[in-house]
2 protein chains.
Amino acid sequence: MRKLDESLLTHLPPFSELGREQIREILDRATPQRYDTGDTVFHEGEEAGRFFLLLDGYVRVVRMTAEGEHVTVLHIAAGQLFGIAAALGNERYPASAVAASDTIALGWPMRLWHDFTATYPGFAASGYKTVGNRMEEIHKRVVEMATQQVEQRVANALLRLITQMGRRTDAGIEVDFPITRQDLSEMTGTTLHTVSRLLSAWEKRGIVESKRKHIMVREPHQLVMLAEPAVSS
Amino acid sequence: MRKLDESLLTHLPPFSELGREQIREILDRATPQRYDTGDTVFHEGEEAGRFFLLLDGYVRVVRMTAEGEHVTVLHIAAGQLFGIAAALGNERYPASAVAASDTIALGWPMRLWHDFTATYPGFAASGYKTVGNRMEEIHKRVVEMATQQVEQRVANALLRLITQMGRRTDAGIEVDFPITRQDLSEMTGTTLHTVSRLLSAWEKRGIVESKRKHIMVREPHQLVMLAEPAVSS
DNA sequence: TCGAAAGTTTGCGCTAGGACAATGTGACGG
DNA sequence: CCGTCACATTGTCCTAGCGCAAACTTTCGA
């Protein structure tokens with residue numbers, strides 16, 4: 001296997017303060033891994049043996065209920081750490097990680113988490129910042145689920161997807177990985193039927209455009225309007 | 001003001017590994033503070049100037065929507081750290097903290113967070129563990145809100161309250177701080193009316209017993225049954 | 001090239017639970 | 001002791017959105 005290039009990491013937050021040799025050390029201990037769309041990187045409840053950096057693609061963080069229903073907690077984009085259970089004092093992964101598109105990740109044995117945070121300046125801070133951002137995002141989810149209607153939640157979910165993992169095209173912004181109505185319903189706590197109806201309605205109004213597994217937002221601003229709670233006055 | 005006694009902290013996780021003198025140092029830098037029921041310890045969005053340890057009482061972590069609705073994210077019991085924004089790389093508090101009962105807390109300037117984590121063994125780990133537990137709890141909230149009916153959510157919320165902050169009495173387990181239907185509805189994303197109806201129904205069945213601002217669970221096991229998703233078969 | 005599987009759309013009926021409204025009741029300050 | 005306020009209960013109505021069901025379409029493997 002050929003050596004990984006240092007440029008992979010140099011500009012990423014967890015490593016941006018580090019020198020060439022330090023990055024070399026880190027890379028030499030990493031195991032790169034490919035995952036196809038739908039592959040599971042790790043399972044909820046499994047012993048947290050490794051932590052990861054997503055180099056390319058997208059990963060979905062999913063929890064499953066006793067009844068087998070899936071709930072998507074958040075999405076992770078390239079450049080971010082994930083599976084960092086150790087940062088939170090967990091022995092096991094609290095949720096599953098599933099590749100939302102074909103992805104490449106670097107993995108390290110979890111015991112190195114403590115080495116890395118102790119040794120490399122900025123690494124710990126960056127990791128905790130990541131945790132903080134996710135905490136913030138999940139808080140928002142809770143508030144949304146507690147206060148908003150389904151249409152607003154789906155609009156918000158879609159807006160989040162295009163801002164965080166959208167691909168700009170000449171016709172609008174497209175979600176950068178294959179996504180089904182079912183996926184969107186698992187992000188918003190509704191059914192694929194309702195999502196389908198909403199997307200159909202939005203498509204009629206020219207706000208979105210979608211083909212099987214692809215969703216493109218033509219009028220983000222319109223979607224923002226839909227995402228806001230209905231004004232009564 | 002008289003000196004705080006070291007025994008306040010010795011057995012609490014963040015400090016359990018520390019010696020007498022270290023605890024003394026920590027206490028000497030703390031500012032104790034009383035809060036009456038309903039007082040706000042800090043506001044969402046406010047600059048995160050201090051972090052706290054709850055010595056006695058209960059604190060509610062609340063977020064507010066643009067429309068002024070409150071959503072209770074979680075509750076904190078005595079012995080726990082809170083307002084630890086710095087642990088997550090936040091400059092501002094991501095939510096408000098409101099005293100759910102008369103409480104006493106110790107506060108430290110936020111810059112000491114870094115000193116404490118660097119200086120005192122076990123302190124950092126304990127703080128991150130706290131964050132991890134809360135993350136886990138919020139995950140569960142998201143899953144509940146996405147998959148369960150209102151009755152199940154309220155039952156779950158009540159179960160959580162009596163396990164984490166319940167007071168055993170001879171007639172059952174009582175929520176250990178004043179709590180209204182409104183409060184419970186803000187924890188579960190429903191209305192106070194629906195909560196009232198549920199509690200009335202449960203009271204008729206002898207599962208709970210409630211007077212104004214007090215809720216006692218007589219039959220926790222029955223409540224557990226209600227908290228589980230309806231079995232169809 | 002064809003069939004099956006996966007994803008999507010749409011119709012219809014029903015109900016959980018929200019909105020609105022009115023009344024009841026315990027607590028507390030003057 | 002009384003008035004007021006905060007909290008609680010309950011009834012009635014109504015609709016968002018789920019469950020169920022059927023049909024359609026795209027993709028992909030044999």
Side-chain angles (χ1 to χ4, degrees), chain A residues 36-38 65 67 69-71 100-102 144-158 175 177-205 208-216 226 229-233, chain B residues 36-38 65 67 69-71 100-101 144-155 157-158 175 177-205 208-216 226 229-233:
Chain A
D36 290 332
T37 305
T65 67
E67 288 67 42
E69 285 174 288
H70 294 235
V71 176
S101 62
D102 294 354
E144 269 178 30
M145 303 259 291
T147 62
Q148 303 191 323
Q149 306 268 96
V150 169
E151 177 164 34
Q152 294 156 20
R153 298 208 303 268
V154 176
N156 271 309
L158 193 47
V175 178
F177 55 86
I179 183 168
T180 66
R181 315 297 185 226
Q182 173 83 32
D183 293 334
L184 216 31
S185 76
E186 288 174 359
M187 299 172 57
T188 50
T190 179
T191 61
L192 76 158
H193 307 275
T194 299
V195 172
S196 177
R197 279 180 243 270
L198 287 171
L199 288 178
S200 296
W202 294 346
E203 184 137 23
K204 277 196 192 100
R205 295 171 57 182
V208 305
E209 203 167 287
S210 80
K211 345 175 200 6
R212 156 180 273 238
K213 288 206 184 194
H214 291 266
I215 303 179
M216 134 151 329
L226 288 174
V231 257
S232 48
S233 78
Chain B
D36 291 331
T37 306
T65 67
E67 288 68 42
E69 284 174 288
H70 294 237
V71 177
S101 62
E144 269 179 29
M145 303 260 291
T147 61
Q148 303 191 325
Q149 306 269 95
V150 169
E151 179 164 34
Q152 295 156 19
R153 299 207 303 268
V154 176
L158 193 47
V175 178
F177 55 85
I179 182 168
T180 66
R181 317 295 184 222
Q182 173 84 31
D183 293 334
L184 215 31
S185 75
E186 287 174 0
M187 299 171 58
T188 50
T190 178
T191 62
L192 75 158
H193 306 276
T194 299
V195 171
S196 177
R197 278 180 242 269
L198 287 170
L199 287 179
S200 295
W202 295 346
E203 184 136 23
K204 277 196 194 100
R205 296 172 56 183
V208 304
E209 201 168 290
S210 79
K211 345 176 200 4
R212 153 181 277 239
K213 289 207 182 193
H214 291 265
I215 302 177
M216 133 150 331
L226 288 173
V231 257
S232 47
S233 78

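Below, read A as the first sequence line, B as the second, and so on, with proteins coming before strands; counting in each chain starts at 1. Every heavy atom of this structure was used, including side-chain atoms; hydrogens, water molecules and symmetry mates were not.
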Separation of [N] [atom2] from [X] [atom1] (nearest whole Å):
X       : N       : atom1 : atom2 : result
Q149(B) : dA16(D) : CD    : P     : 18 Å
L226(A) : dA16(D) : CG    : P     : 15 Å
H193(B) : dT12(D) : NE2   : C1'   : 13 Å
K204(B) : dA8(D)  : NZ    : C1'   : 13 Å
Q182(B) : dT9(D)  : CD    : C1'   : 15 Å
L198(B) : dT10(D) : CG    : P     : 12 Å
R153(A) : dA16(D) : CZ    : C1'   : 11 Å
L199(A) : dT25(D) : CG    : P     : 18 Å

Query raised in the report: Of the nucleotides dC18(D), dC20(D), dC7(D), which has the atom closest to the T180(B) side chain?
Result: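 Nearest nucleotide to the side chain: dC7(D).
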Categorize [X] for me: base, sugar-phosphate, or nothing, with a 4.0 angstrom heavy-atom threshold over every strand shown.
X       : answer
S196(B) : base
K213(B) : sugar-phosphate
R181(B) : sugar-phosphate

Is the shortest heavy-atom distance from the side chain of [X] to the side chain of [Y] under 4.5 Å?
X       : Y       : value
V175(B) : K213(B) : no
V208(B) : L158(B) : yes
S210(A) : M216(A) : no
I179(A) : L184(A) : yes
D102(A) : F177(A) : no

Report task. Using the closest heavy atom to pick a nucleotide of DNA chain D for each, name whichever of R212(A) or T190(A) lands nearer the 5' end. Result ->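 Its nucleotide being nearer the 5' end, the pick is T190(A).
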Report task. Identify, between V150(A) and T194(B), the residue whose nearest nucleotide on DNA chain D lies closer to the 5' end. Result ->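 Between the two, 5'-proximity favours T194(B).
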Query raised in the report: Is the backbone N or O of Q148(A) less than 3.5 Å from a side-chain atom of R153(A), with the two atoms forming a donor-acceptor pair by type?
Result: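 Judged by distance alone, yes, a pair lies under 3.5 Å.
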**Report entry** First and last nucleotide of DNA chain C, 5' to 3', lying under 4.0 Å from heavy atoms of chain A
**Finding:**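 First and last nucleotides in contact are dA6(C) to dC12(C).
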Requested in this report: Please report the shortest heavy-atom distance between E203(A) and E209(A), naming the atom on each side.
Outcome: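 Result for this residue pair: OE2-CA, 3.4 Å.
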Query raised in the report: Any N or O donor-acceptor pair linking the side chain of R197(A) to the base of dG19(D) at under 3.5 Å?
Result: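 Checked by distance alone, the answer is yes.
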